[in-house]
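Working notes for the structure below.
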Amino acid sequence: MKIICIGRNYVEHIKELANERPAEPVVFLKPDTSVLLKKQPFYIPDFSNDVHHEVEILVKISKVGKYIDKKFAHKYYDEIGLGIDFTARDLQQSLKEKGLPWEKAKAFDGAAVVGKWLPKSDFESVNDIDFSLEKNGTLVQQGNTSHMLWKIDELIEYVSKYFTLKIGDIIFTGTPSGVAKVKANDELRGLIENNEMFKLTIK
Ligand code: MG
């Protein structure tokens, strides 16, 4: 199983990090070892003093495919989820400045929260899904998939040019604005519309 992540897919988030708007999707991978085990807290790693939460809509691949046309992309997934792309922002910043890959900042153990899954058929359109993240009971991130620069089906077309998609692979589709540092004892709760998709404690 592999996790394919999209960066800079929401304009407001690009602005908050003062990044350039990309001409093509920004893509990186997380290994299966980055998935935070169910019901486990997230431990802030000792190599960072600035780990940020990035709440993201997830797509689980249900069929093997390569060079998938966006017209047929909807046939390759039937579940939608919610997760967090934890990011060691301080480390990512220094890697970015040197033009180096981001993996140490984004692919470490526990850096991928994968919550519950909902059938795609629950949604009238995957391009109009509201999702949010609460920290200690306060809304901190809020998004709607209609605001993605590249929509889910376009992302599947794009990433499948480079990687064969296999059953069980997960796509993290990018975060809206509101990313911020997590601290010990924070409680994070992710929602798709009114469904609680995950809840976890920071240690
Ligand atoms: Mg992200």
Side-chain angles (χ1 to χ4, degrees), residues 1-36 42 44-45 48 50-61 77 80-97 100-115 126 129-135 139-152 154-156 158-159 162-163 169-182 186 188-192 197-198 200 202:
M1 185 272 268
K2 60 186 170 294
I3 299 174
I4 302 167
C5 302
I6 306 301
R8 302 182 196 169
N9 202 21
Y10 288 84
V11 172
E12 292 306 314
H13 172 63
I14 293 170
K15 286 187 193 158
E16 75 179 341
L17 293 185
N19 281 321
E20 248 174 67
R21 185 172 170 150
E24 290 181 50
V26 172
V27 178
F28 60 95
L29 300 178
K30 292 185 192 254
D32 55 3
T33 46
S34 67
V35 176
L36 185 67
F42 172 79
I44 297 171
S48 177
D50 195 22
V51 172
H52 282 197
H53 55 71
E54 296 191 356
V55 73
E56 311 200 359
I57 288 285
L58 313 185
V59 176
K60 195 197 278 177
I61 298 300
Y77 61 101
I80 298 289
L82 193 73
I84 296 181
D85 165 21
F86 275 121
T87 304
R89 193 71 69 203
D90 43 1
L91 186 51
Q92 186 198 26
Q93 193 55 35
S94 69
L95 294 167
K96 271 162 77 175
E97 281 163 12
L100 293 171
W102 298 353
E103 275 72 10
K104 288 194 290 183
K106 281 185 169 279
F108 56 87
D109 290 0
V113 174
V114 176
V126 295
I129 300 175
D130 280 315
F131 62 101
S132 59
L133 182 74
E134 294 175 1
K135 181 157 71 177
L139 180 67
V140 288
Q141 286 194 270
Q142 191 171 26
N144 181 286
T145 54
S146 66
H147 299 141
M148 289 179 176
L149 291 176
W150 290 277
K151 305 291 187 286
I152 291 172
E154 294 170 308
L155 292 174
I156 287 176
Y158 186 80
V159 298
Y162 298 90
F163 312 117
D169 287 350
I170 297 172
I171 302 176
F172 276 60
T173 60
T175 196
S177 61
V179 302
K181 179 177 175 169
V182 293
D186 281 345
L188 299 180
R189 179 169 178 257
L191 296 111
I192 288 184
M197 303 299 286
F198 61 78
L200 66 126
I202 308 296

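None of the values given here were measured: they were computed from a predicted structure. We count ligands from 1, going down the list as the structure has it; atoms in each ligand are counted the same way.
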With side-chain hydrogen bond (donor to acceptor under 3.5 Å, both in side chains) as the rule and sequence neighbours excluded, what pairs involving residues 170-182 come up? Gln141-Thr175
Is it the case that the side chain of Glu56 and the backbone of Gly174 share a donor-acceptor pair, with hydrogens and angles ignored and the cut-off at 3.5 Å? yes
One thing to verify: whether Lys60 and Asp169 come together as a salt bridge, which I'm taking to mean a side-chain N less than 4.0 angstrom from a carboxylate O. no
Can a salt bridge be assigned to the pair Lys106 and Glu54 using a cut-off of 4.0 Å between side-chain N and carboxylate O? yes
The Mg ion (ligand 1) - number of protein N/O/S atoms closer than 2.8 Å: 3
Do Asp32 and Lys2 come close enough that some side-chain heavy atom pair is under 4.5 Å? no
Classify the ring geometry of Tyr10 against Phe131: parallel below 30°, tilted from 30° to 60°, perpendicular beyond 60°. perpendicular
